[in-house]
Amino acid sequence: MATRCGKCGPGYATPLEAMRGPREEIVYVPCIYRNTGIEAPDYLATVDVDPKSPQYCQVIEPKDVHAKCDLGYLHTSHCLASGELMISALGDPKGNGKGGFVLLDGETFEVKGTWEQPGGAAPLGYDFWYQPRHNVMISTEWAAPKVLGEGFNPADVEAGLYGSHLYVWDWQRRETVQTLTLQDGLIPLEIRFLHNPAAAQGFVGCALSSTIQRFFKNEGGTWSAEKVIQVPPKKVKGWMLPEMPGLITDILLSLDDRFLYFSNWLHGDLRQYDISAPQRPRLTGQLFLGGSIVKGGPVQVLEDQELKSQPEPLVVKGKRVAGGPQMIQLSLDGKRLYVTTSLYSAWDKQFYPDLIREGSVMLQIDVDTVKGGLTLNPNFLVDFGKEPLGPALAHELRYPGGDCSSDIWL
């Protein structure tokens with residue numbers, strides 16, 4: 001494991017070279033106890049994903065990573081060419097919205113200050129991706145932390161408290177130069193440029209609208225966005241609203257920029273799209289992994305534009321999986337997809353209370369990279385409900401040497 005940002009990873013020259021790298025053997029997974037009723041610090045779990053290992057599918061090394069400072073609800077981190085580490089923030093320490101970026105020393109991890117110019121933070125924040133060849137960074141927004149912490153309230157949507165913008169930044173000057181208002185783009189969360197460093201386009205998943213938007217650079221140097229995928233809502237009974245969105249919470253792209261993956265946390269399905277033609281993504285794989293509309297649950301689907309019947313509950317190695325697919329990570333060769341099921345503790349409590357009682361899980365999906373398609377590995381399950389300090393909520397997934405959602409080529 002690298003201990004300095006500037007020294008991370010094996011140093012693949014291109015995304016395609018990275019695809020020929022060795023198979024992953026361990027995965028790092030942050031696990032959360034905050035707001036679950038368990039008085040214990042959050043921690044970093046090291047999960048063994050080597051099928052040849054006797055500890056396969058087990059947490060082999062939990063590490064206490066309880067925050068030593070309160071910098072304002074930090075989220076995404078990326079290493080910079082300078083060796084520094086840059087982390088996005090959702091708000092200020094009081095829970096108000098503030099889409100700024102913290103800059104850390106890549107060797108000591110000491111805080112150096114903010115990346116953006118003084119007073120230049122966006123109104124809200126969440127994720128970001130930069131592309132130096134086009135002198136651009138684009139950031140997304142969710143809501144102010146004090147809004148998120150109370151769970152989801154439809155009145156907050158009506159009040160305009162949730163984001164619907166992308167912020168385009170001049171990478172060298174460190175200031176916003178354009179704000180894109182997304183059509184059908186409520187709560188733009190995870191954003192990904194194509195991995196090809198010369199590409200001037202990418203995708204963002206809009207959770208509440210359940211759309212995938214393609215953003216791209218125009219000939220004049222400005223940026224635009226267009227909706228390219230719409231997950232239709234389902235008319236339901238026994239839920240908080242008469243229509244249930246898919247709630248797209250995570251997306252990623254394969255390193256060869258051929259496939260787009262995303263998770264519908266509420267509907268419960270994981271999807272794969274061929275993006276060889278980025279303006280016209282084509283669905284090539286879909287797999288249900290729990291969710292809110294399974295048979296035998298409290299929700300009855302009254303009208304569904306996609307399914308003829310409600311999916312069966314998911315049971316893996318004798319355990320019924322609570323929650324729905326949330327954070328995802330793809331192997332470098334694109335053949336394995338790892339999935340966790342927790343979103344945010346306040347939202348977990350609201351939509352999937354079993355997650356709080358039982359903990360979340362980590363699953364592994366086999367990917368057909370020739371014709372497309374997704375298949376559950378029935379022999380892989382990491383049950384975070386069995387952790388020594390009590391059921392934990394596992395979140396994002398990272399490899400020691402870099403991965404599809406954190407590496408940026410220059």
Side-chain angles (χ1 to χ4, degrees), residues 15-16 19 127 129 131 134 138 140 164 166 180 182-218 223-234 245-289 291 304-307 324-331 333-339 365-375 403-405:
L16 295 182
M19 293 188 75
D127 194 21
W129 198 281
Q131 202 73 308
H134 296 281
I138 301 181
T140 66
S164 60
L166 298 182
L180 300 179
L182 300 173
Q183 300 300 316
D184 296 325
L186 272 173
I187 312 185
L189 293 183
E190 305 291 342
I191 187 167
R192 307 284 183 260
F193 266 92
L194 297 186
H195 291 290
N196 178 353
Q201 62 178 320
F203 299 90
V204 59
C206 299
L208 195 57
S209 296
S210 299
T211 63
I212 298 293
Q213 307 263 347
R214 169 182 167 260
F215 59 88
F216 54 94
K217 188 177 183 179
N218 301 303
W223 292 77
S224 298
E226 61 178 359
K227 180 173 69 173
V228 292
I229 299 173
Q230 173 74 66
V231 177
K234 302 181 188 298
L247 207 74
I248 298 173
T249 52
D250 198 12
I251 72 169
L252 59 77
L253 307 180
S254 59
L255 287 176
D256 57 3
D257 291 330
R258 182 184 171 195
F259 290 113
L260 162 71
Y261 299 87
F262 67 80
S263 53
N264 284 311
W265 190 61
L266 289 177
H267 287 179
D269 60 315
L270 187 67
R271 299 193 182 199
Q272 176 197 49
Y273 284 79
D274 187 316
I275 54 169
S276 300
Q279 299 93 331
R280 298 179 299 278
R282 180 173 59 87
L283 180 65
T284 51
Q286 184 178 22
L287 184 64
F288 277 84
L289 303 170
D304 194 325
Q305 299 181 38
E306 297 181 312
L307 301 178
Q326 207 285 89
M327 298 305 293
I328 55 179
Q329 187 56 260
L330 189 66
S331 61
D333 61 9
K335 295 181 179 180
R336 291 165 301 284
L337 195 64
Y338 297 94
V339 186
I365 313 302
D366 293 320
V367 179
D368 186 335
T369 58
V370 179
K371 299 179 180 179
L374 304 171
T375 306
D403 47 60
C404 295
S405 53

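The figures that follow rest on heavy atoms only: side chains count, while hydrogens, waters and symmetry mates do not. The chain is numbered in sequence order, starting from 1.
Judged as a ring pair (Phe, Tyr, Trp, His ring centres under 6.0 Å), the pairs with a partner in residues 245-270 (not counting sequence neighbours) are, in order, Phe262-Tyr273, Trp265-Tyr352.
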Full working for side chain to side chain donor-acceptor pair (under 3.5 Å) between Gln326 and Ser263
CA-CA 6 Å; Gln326 207 285 89; Ser263 53; 4.9 Å; no

With side-chain contact (heavy atoms from CB on, under 4.5 Å) as the criterion, how do Glu226 and Phe216 come out once you've worked through the C-alpha distance, each side chain's angles and the decisive distance to 0.1 Å?
CA-CA 9 Å; Glu226 61 178 359; Phe216 54 94; 3.9 Å; yes

Check the pair Arg214 / Gln201 against side-chain contact (heavy atoms from CB on, under 4.5 Å), numbers first and verdict last.
CA-CA 7 Å; Arg214 169 182 167 260; Gln201 62 178 320; 2.7 Å; yes

Would you sort out whether Arg336 and Ile365 count as a side-chain contact (heavy atoms from CB on, under 4.5 Å), showing the intermediate values?
CA-CA 6 Å; Arg336 291 165 301 284; Ile365 313 302; over 6 Å; no

Show the numbers, then the answer: is there a side-chain contact (heavy atoms from CB on, under 4.5 Å) between Thr211 and Ile248?
CA-CA 7 Å; Thr211 63; Ile248 298 173; 5.7 Å; no

Working note: Ser224 + Asn218, criterion side chain to side chain donor-acceptor pair (under 3.5 Å); need CA distance, chi angles, decisive distance, verdict.
CA-CA 7 Å; Ser224 298; Asn218 301 303; 2.9 Å; yes

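The shortest side-chain heavy-atom distance between Leu253 and His195 falls under the 4.5 Å cut-off. Residues Phe203 and Glu190 form no side-chain contact, since every pair of their non-hydrogen atoms from C-beta on lies 4.5 Å or further apart. At a threshold of 4.5 Å between non-hydrogen side-chain atoms, the residues Leu247 and Asn264 do not count as touching. Side-chain contact check for Pro188 versus Leu182: some heavy-atom pair is nearer than 4.5 Å. Residues Gln213 and Cys206 meet the side-chain proximity criterion, which asks for heavy atoms closer than 4.5 Å. Inter-residue side-chain proximity for Ile191 and Ile138 is flagged as met; some heavy-atom pair is nearer than 4.5 Å. Residues Val367 and Gln272 have side chains in contact (heavy-atom distance under 4.5 Å, counting atoms from C-beta outward). Put simply, the side chain of Leu260 reaches to within 4.5 Å of the side chain of Ile251, judged on heavy atoms.
The backbone N or O of Gly246 lies less than 3.5 Å from a partner atom in the side chain of Ser210, making a donor-acceptor pair. Formation of a donor-acceptor pair under 3.5 Å by the Gln230 side chain with backbone atoms of Asp184 is not found in this model. The main-chain N or O of Gly373 is never found under 3.5 Å from a side-chain atom of Thr284 such that the two would form a donor-acceptor pair. Although no hydrogens or angles enter the test, the distance criterion places a donor-acceptor pair under 3.5 Å between the side chain of Asp368 and the main chain of Val370. Under the 3.5 Å distance criterion, the side-chain polar atoms of Asp250 are matched with a main-chain donor or acceptor of Ile328.
For Arg192 and Asp127, the salt-bridge test passes: some basic side-chain N is under 4.0 Å from an acidic carboxylate O. Remark: Asp274 engages Arg258 in a salt bridge, criterion side-chain N to carboxylate O under 4.0 Å. Between Arg271 and Glu306 there is a salt bridge, since at least one side-chain N of the basic residue sits less than 4.0 Å from a carboxylate O of the acidic one.
Within a 6.0 Å radius of NZ in Lys335, other residues, nucleotides and ligands contribute 12 heavy atoms or fewer. Around atom CD of Gln183, no more than 12 heavy atoms belonging to other residues, nucleotides or ligands sit under 6.0 Å away.
A distance of 6.5 Å separates CG in Asp256 from CG in Leu16, rounded to the nearest 0.5 Å. Atom CG of Leu252 and atom CG of Leu337 lie 6.0 Å apart (nearest 0.5 Å). Here the straight-line distance linking atom OG1 of Thr249 with atom CG of Leu266 works out to 8.5 Å at 0.5 Å rounding.
Residue Thr369 comes nearest to Gly334 through the heavy atom pair CG2-O, 3.2 Å, listed as atom of the first residue, atom of the second, then distance. Annotation for Ser209 and Gly185: closest pair OG-N, 3.4 Å, computed over non-hydrogen atoms. Here the closest non-hydrogen pair linking Pro281 and Ile229 is CB-CD1, 3.8 Å. Nearest heavy-atom pair, Cys404 versus Leu255, reported as atom, atom and distance to 0.1 Å: SG-CG, 3.8 Å. When all heavy atoms of Ser331 and Asp333 are compared, the pair lying nearest together is OG-OD1, 2.6 Å.
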